[in-house]
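Encoded as structure tokens, the structure appears first; notes follow it.
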Amino acid sequence: MAALKYAGLDDTDSEDELPPGWEERTTKDGWVYYANHDDMKTQWEHPKTGKKRRCAGDLPYGWEQETDDKGQVFYVDHINKRTTYFDPRQAFTVEDMQQKPKRYDSNTTALDILQGRDLSDRVVVITGANSGIGFETARSFALHGAHVILACRNKTRAGEAVGAIQQEWHKAQVEAMILDLASLRSVKEFAEAFKAKNLALHILVCNAAVCWEPWKLTEDGLESTFQICHLGHFYLVQCLQDVLRGSAPARVVMVSSESHRFTDLAGSCGKVDLALLSPPKKDYWSMLAYNRAKLCNVLFSNELHRRLSPSGVCCNAVHPGNLMYSSIHRNWWLMTLLFNLARPFTKSML
Ligand SMILES: NC(=O)c1ccc[n+]([C@@H]2O[C@H](COP(=O)([O-])OP(=O)(O)OC[C@H]3O[C@@H](n4cnc5c(N)ncnc54)[C@H](OP(=O)(O)O)[C@@H]3O)[C@@H](O)[C@H]2O)c1
């Protein structure tokens with residue numbers, strides 16, 4: 001039951017057993033409170049542990065919440081045709097996180113961030129999820145119960161990533177789909193195949209990237225770093241926009257980089273020059289192409305948020321950390337050296 005474990009739902013510790021005379025109840029919105037029949041009083045804190053708890057997730061299929069004449073909440077199990085005052089979700093309560101606010105720092109992992117979340121009704125698509133940050137993100141979502149789609153360009157590497165997550169938890173809902181961001185045709189085909197599944201889309205993580213690649217043109221005639229890091233994702237979001245809106249509340253996360261600060265899009269006359277985005281070979285510098293694509297991701301995220309947030313789709317750009325050891329450095333030996341030297345001092349994936 002890995003997902004339950006990671007979602008903080010496996011707490012069956014006997015310290016939670018109530019002393020005689022106490023009863024556990026829930027409010028309409030799922031908060032647990034404790035009633036003492038001897039003293040005729042109620043309280044939010046568990047009489048033994050002092051912890052506040054709330055129910056996790058929705059009611060099981062077939063159950064409904066009702067209120068009786070005295071205003072007390074009860075539950076109807078339509079499948080087995082019975083009623084009870086016991087909230088079936090009490091089998092899966094989680095500690096009230098607000099009681100002890102969490103502090104996140106450079107040692108915090110994706111699993112730490114999601115701890116206590118039940119994501120079993122969420123659908124997540126992550127591009128470039130077969131390695132590095134994308135893989136760790138996919139793994140963490142999947143171990144919290146989400147249905148995760150790894151959108152990757154290489155079938156074998158994607159299959160291995162799916163296998164690794166399922167080995168950790170055999171019930172993980174993970175699958176791979178082919179998406180090559182260097183091809184607008186592939187992006188379109190991915191979006192069509194995804195839509196054919198008739199799934200919602202609650203979280204789209206635009207994570208895939210390449211860096212320090214030699215100049216080359218994609219099949220669409222665009223410089224490849226720009227297309228993979230930015231334009232392919234831009235097109236993907238356009239293709240999936242209706243699904244995102246229909247799945248609201250939903251979110252798009254554009255994985256950017258702090259290096260977006262070290263460039264701008266202004267040409268020699270000081271105005272935005274779109275020709276800089278897909279330069280010819282003679283004007284190409286791989287690092288600059290990467291930085292510009294990442295700047296586009298930030299600008300795109302801001303504008304997307306402005307346009308989609310009224311429909312319940314929020315968009316954020318994120319910088320995941322500097323020199324995190326992944327395979328991003330593989331195209332240039334100097335970067336491989338730098339990443340290796342920095343490795344003991346920088347954030348790790350796990
Ligand atoms: N690591 C860092 O220090 C750092 C710092 C700042 C920002 N970031 C950002 O974090 C994100 C993840 O990077 P990472 O460090 O985890 O690097 P990574 O391990 O190299 O992951 C990049 C992923 O993108 C995929 N990808 C490359 N080209 C693709 C294409 N044409 N179509 C679809 N997928 C493609 C790769 O697939 P293949 O395995 O098939 O190549 C890989 O799965 C990137 O957006 C990067 O810019 C990383």
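Order of appearance sets the numbers: ligands from 1, and atoms from 1 within every ligand.
The heavy atom nearest to atom 5 (C) of ligand 1, considering only Ser257, Gly321, Pro320, is found in Gly321. For the residues Cys206, Ser326, Ser131, the heavy atom positioned nearest atom 17 (O) of ligand 1 is part of Ser326. Nearest to atom 32 (N) of ligand 1 by heavy-atom distance, out of Thr218, Leu181, Ile126, is Leu181. Closest heavy-atom approach to atom 10 (O) of ligand 1 among the candidates Thr156, Ile178, Val255, Thr346: Val255. The residue among Lys294, Met324, Arg157, Glu258 with a heavy atom at the shortest distance from atom 40 (O) of ligand 1 is Arg157. Evaluated by nearest non-hydrogen atom to atom 30 (C) of ligand 1, the leading choice among Glu136, Arg153, His260 is Arg153.
Within the 4.5 Å cutoff, no side-chain heavy atoms of His202 are placed close to those of Arg251.
Of the N and O atoms on the side chains of Ser259 and Asn291, at least one donor lies less than 3.5 Å from an acceptor on the other residue. For Asp180 and Ser183, the side-chain atoms include no donor-acceptor pair closer than 3.5 Å.
Under the 4.0 angstrom criterion for non-hydrogen atoms, Met349 is not in contact with ligand 1. Ligand 1 lies out of reach of Gln227, whose nearest heavy atom is not under 4.0 Å from it. A heavy-atom separation below 4.0 Å is found between Asn322 and ligand 1. Not a single heavy atom of Phe135 sits closer than 4.0 Å to an atom of ligand 1.
Applying the salt bridge (Lys or Arg N to Asp or Glu O under 4.0 Å) test to pairs two or more places apart or on separate chains, those with a residue in residues 203-215 are Glu213-Lys216. For residues 262-283, no pair satisfies side-chain hydrogen bond (donor to acceptor under 3.5 Å, both in side chains), with sequence neighbours left out.
When only non-hydrogen protein atoms are considered, atom 37 (O) of ligand 1 lies nearest to Asn130 OD1, 3.5 Å.
Taking the ring centre of Tyr33 as origin, the terminal cationic atom of Arg25 falls outside the region bounded by 6.0 Å and 45° from the ring axis.
Hydrophobic clustering places Ile228 together with Val252 (ILVMFWY residues linked when any side-chain heavy atoms are closer than 4.5 Å, directly or through intermediates).
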